[in-house]
Amino acid sequence: MNLTFLGAGYVGLTSGAVFADLGNKVWVVRRSQDKVEMMKKGKVPFYEPGLDEVLARNVEAGRLIPTTSYEKSVPNSEVVFISVGTPISGDGGADLSQVKAAAKELAPFLRNEYTVIVDKSTVPPGTASLVTKIIEKENPQANFEVASCPEFLREGTALSDTQDPDRVVIGTPSDKAYGILEELHKPLGAPIVRTSVESAEIIKYAANAYLALRIGFIDQIANLCEEVGADVQDVIEGIGLDSRIGSHYWYPGIGYGGYCFPKDVAALGALFEQYVDDDNLFSKLDQYNRARPAKYVAKVTDALGGLENKKVAVLGLTAKPGTDDMRGSQAVPFIEALKEGGAEVSVYDPMGMPEAKKVLSEVNYAEDPYQAAAEADVIAVLCEWDEFEDLDWGKVCKKMNASLVFDAKRMFDPTELEDHGFEYLGVGV
């Protein structure tokens with residue numbers, strides 16, 4: 001088929017590259033000419049393992065065409081995916097301004113032939129109807145239908161998640177639109193779930209909110225463990241052997257982060273406040289999560305006897321390992337709280353430093369963990385990068401002024417650190 005992806009970020013570019021690799025002709029539209037030129041050279045504008053190879057192969061083969069032009073892409077496509085950002089709006093809901101703009105801009109270029117417009121972005125119920133109304137207003141003669149086909153990829157594994165998905169969700173009441181999208185997705189070999197448009201729109205929010213809820217749940221259990229002398233890792237093992245619960249996806253720490261979870265939980269909470277009840281689980285989950293970085297800065301402050309004139313080394317800035325994306329990282333409010341307390345902060349991340357410099361000021365950027373640790377009173381390890389597992393703690397201890405380690409991800413053996421002379425502070429213990 002001929003496809004267009006409006007938006008060439010993690011979702012649009014990764015999906016476009018995979019569908020091109022399956023033999024489709026794909027245009028990916030991005031407004032930045034510089035980023036388009038980069039993609040034309042087979043280079044990905046962000047870090048995603050393996051994607052550069054797939055992109056370069058399909059650009060060279062002429063199956064994937066980066067462009068800034070709606071005029072060249074939309075009229076030639078049977079399916080047009082809207083895969084733009086939907087960040088948090090001022091009221092906590094989803095900001096649909098990019099979706100609306102994409103719908104308005106694509107409308108004049110729709111052909112007389114039937115076209116399926118697909119909301120690929122994470123959007124609240126009613127968005128497909130909104131997109132339909134915008135297109136009908138801009139081009140009353142357009143022959144189209146709007147469907148919802150949410151993505152379920154994760155940064156750092158976006159390529160493999162797209163190539164080998166757990167499921168494909170197609171939301172449309174139309175047999176014609178469903179038939180086209182079913183044919184397009186069949187080569188992926190995943191179960192295909194057909195739903196109404198509204199159900200598809202909610203499925204993405206429900207999936208992300210449930211995963212965030214698991215993290216929020218175990219974070220609350222970690223709070224209790226810290227007060228009564230229990231260890232949250234023992235609790236995870238004990239509950240995880242129950243087949244109804246499972247041992248997967250328990251990540252106690254300073255809260256869930258990343259681009260999707262914070263905005264999607266907040267948006268779901270806003271939907272409940274709009275349609276159901278202000279007093280809802282998801283708004284509370286969002287509140288609890290926002291409070292976690294400051295909670296652990298307070299614990300570090302107590303352990304140090306204050307932050308004034310203290311130096312803190314923060315290792316790990318991205319929301320998760322394997323990506324350079326700083327969006328939604330809980331490290332940012334953690335560091336801001338340290339600075340507000342009067343601490344001097346040095347930071348290091350294996351991959352996130354360039355992006356971190358866009359959002360974090362008045363911190364010292366180190367070249368490696370050991371430089372960050374120099375004369376520090378405490379090291380806070382916030383992200384579980386493999387590089388940190390191989391730290392020479394004897395070398396670290398010699399460089400530090402004091403010897404406190406805050407292990408937000410429970411990466412390290414407290415006994416080993418204590419043998420090196422460190423005081424250990426971990427989440428949930």
Side-chain angles (χ1 to χ4, degrees), residues 8-14 17 30 32 34-35 38-39 41-56 85 87 151 153-163 215 251 253-263 293 312-336 338 345-374 376 379-393 395-396 405-412:
Y10 283 94
V11 174
L13 185 56
T14 306
R30 188 156 182 168
S32 169
D34 290 342
K35 297 294 173 60
M38 182 184 297
M39 290 187 288
K41 296 175 182 176
K43 298 179 180 179
V44 178
F46 49 87
Y47 179 75
E48 185 58 44
L51 182 56
D52 49 354
E53 180 183 343
V54 180
L55 172 65
E151 52 79 20
L153 58 82
R154 299 161 294 173
E155 291 181 21
T157 57
L159 182 61
S160 58
D161 289 343
T162 307
Q163 292 171 324
I215 297 172
Y251 302 121
I254 61 170
Y256 57 79
Y259 179 63
C260 292
F261 284 6
K263 76 178 183 67
V312 182
V314 176
L315 306 184
L317 303 176
T318 55
K320 60 183 290 187
T323 177
D324 62 352
D325 197 350
M326 286 292 298
R327 294 177 299 174
S329 171
Q330 293 286 77
V332 174
F334 185 91
I335 291 167
E336 294 299 336
L338 290 172
V345 182
S346 294
V347 301
Y348 171 74
D349 188 277
M351 197 166 291
M353 301 284 268
E355 293 300 313
K357 290 177 181 178
K358 299 176 183 178
V359 295
L360 284 173
S361 59
E362 299 179 353
V363 299
N364 303 313
Y365 287 92
E367 294 182 0
D368 57 46
Y370 303 103
Q371 187 181 79
I379 284 184
V381 184
L382 305 185
C383 185
E384 61 274 37
W385 285 94
D386 290 345
E387 179 179 333
F388 301 151
E389 294 182 354
D390 299 322
L391 285 173
D392 182 339
W393 287 106
K395 181 178 178 180
V396 170
V405 173
F406 171 52
D407 182 5
K409 293 295 186 179
R410 297 293 299 274
M411 292 181 65
F412 310 111

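As a basis for the values below, the full set of heavy atoms in this structure was taken, side chains included, without hydrogen atoms, waters or symmetry mates.
If you take CE on M411 and CG on L391, they are separated by 8.0 Å, rounding to the nearest 0.5 Å. For the atom pair CG of L153 and OG1 of T14, the computed distance is 6.0 Å after rounding to the nearest 0.5 Å. Between the CD atom of E355 and the CZ atom of R327 there is a distance of 9.0 Å, given to the nearest 0.5 Å. A distance of 11.5 Å separates CD1 of I335 from CD of Q330, quoted to the nearest 0.5 Å. In this structure, Y10 OH and Y259 OH are separated by 11.5 Å, a value rounded to the nearest 0.5 Å. Atom SG of C260 and atom CD of E151 lie 6.0 Å apart (nearest 0.5 Å).
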Item to check | Verdict with reasoning, Y251 to K320, per side chain to side chain contact (heavy atoms under 4.5 Å, CB included) | outcome: CA-CA 11 Å; Y251 302 121; K320 60 183 290 187; over 6 Å; no

Next on the checklist: Quick one, M38 with R30, criterion side chain to side chain contact (heavy atoms under 4.5 Å, CB included). Give me CA distance, side-chain angles, the key distance, then yes/no.
Outcome noted: CA-CA 11 Å; M38 182 184 297; R30 188 156 182 168; over 6 Å; no

Next on the checklist: Apply side chain to side chain contact (heavy atoms under 4.5 Å, CB included) to residues M353 and D324 and explain how you reach the verdict.
Outcome noted: CA-CA 8 Å; M353 301 284 268; D324 62 352; over 6 Å; no

Checklist entry - So F406 and V312, side chain to side chain contact (heavy atoms under 4.5 Å, CB included) or not? Walk me through it. => result CA-CA 10 Å; F406 171 52; V312 182; over 6 Å; no

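Side-chain atoms of F388 and P350, non-hydrogen and from C-beta on, do get closer than 4.5 Å to each other. Residues M326 and L317 form a side-chain contact, since some pair of their non-hydrogen atoms from C-beta on lies under 4.5 Å apart. You'll find the side chain of F46 stays beyond 4.5 Å of the side chain of D325, heavy atoms only. V314 places none of its side-chain heavy atoms less than 4.5 Å from the side chain of V363. Looking at heavy atoms from C-beta onward, V345 lies in side-chain contact with V347 at the 4.5 angstrom threshold. L13 has its side chain within reach of M39: a pair of non-hydrogen atoms, C-beta onward, lies under 4.5 Å apart. Between S329 and V359 the shortest side-chain heavy-atom distance does not fall below 4.5 Å. Counting only heavy atoms from C-beta outward, the side chains of L315 and W385 never approach each other to under 4.5 Å.
For the salt bridge (charged side-chain N to carboxylate O under 4.0 Å, His left out) condition, no pair includes a residue of residues 41-51, sequence neighbours left out.
When all heavy atoms of G322 and P49 are compared, the pair lying nearest together is O-CD, 4.0 Å. In this structure, A372 and A313 approach most closely via the heavy-atom pair O-CB, 3.3 Å. In plain terms, the two heavy atoms of P262 and G257 that are nearest each other are CD-O, 3.6 Å. Shortest non-hydrogen contact noted between L51 and A17 is CD1-CB, 3.9 Å. T318 and C383 get closest at one heavy-atom pair: O-SG, 3.6 Å. Closest of all the heavy-atom pairs between G42 and L55 is C-CD2, 3.8 Å.
Take Y47 and apply the ring-ring contact (aromatic ring centres under 6.0 Å, His included) test, not counting sequence neighbours, and it matches no residue.
More than 12 heavy atoms of other residues, nucleotides or ligands sit less than 6.0 Å from atom CD of Q371.
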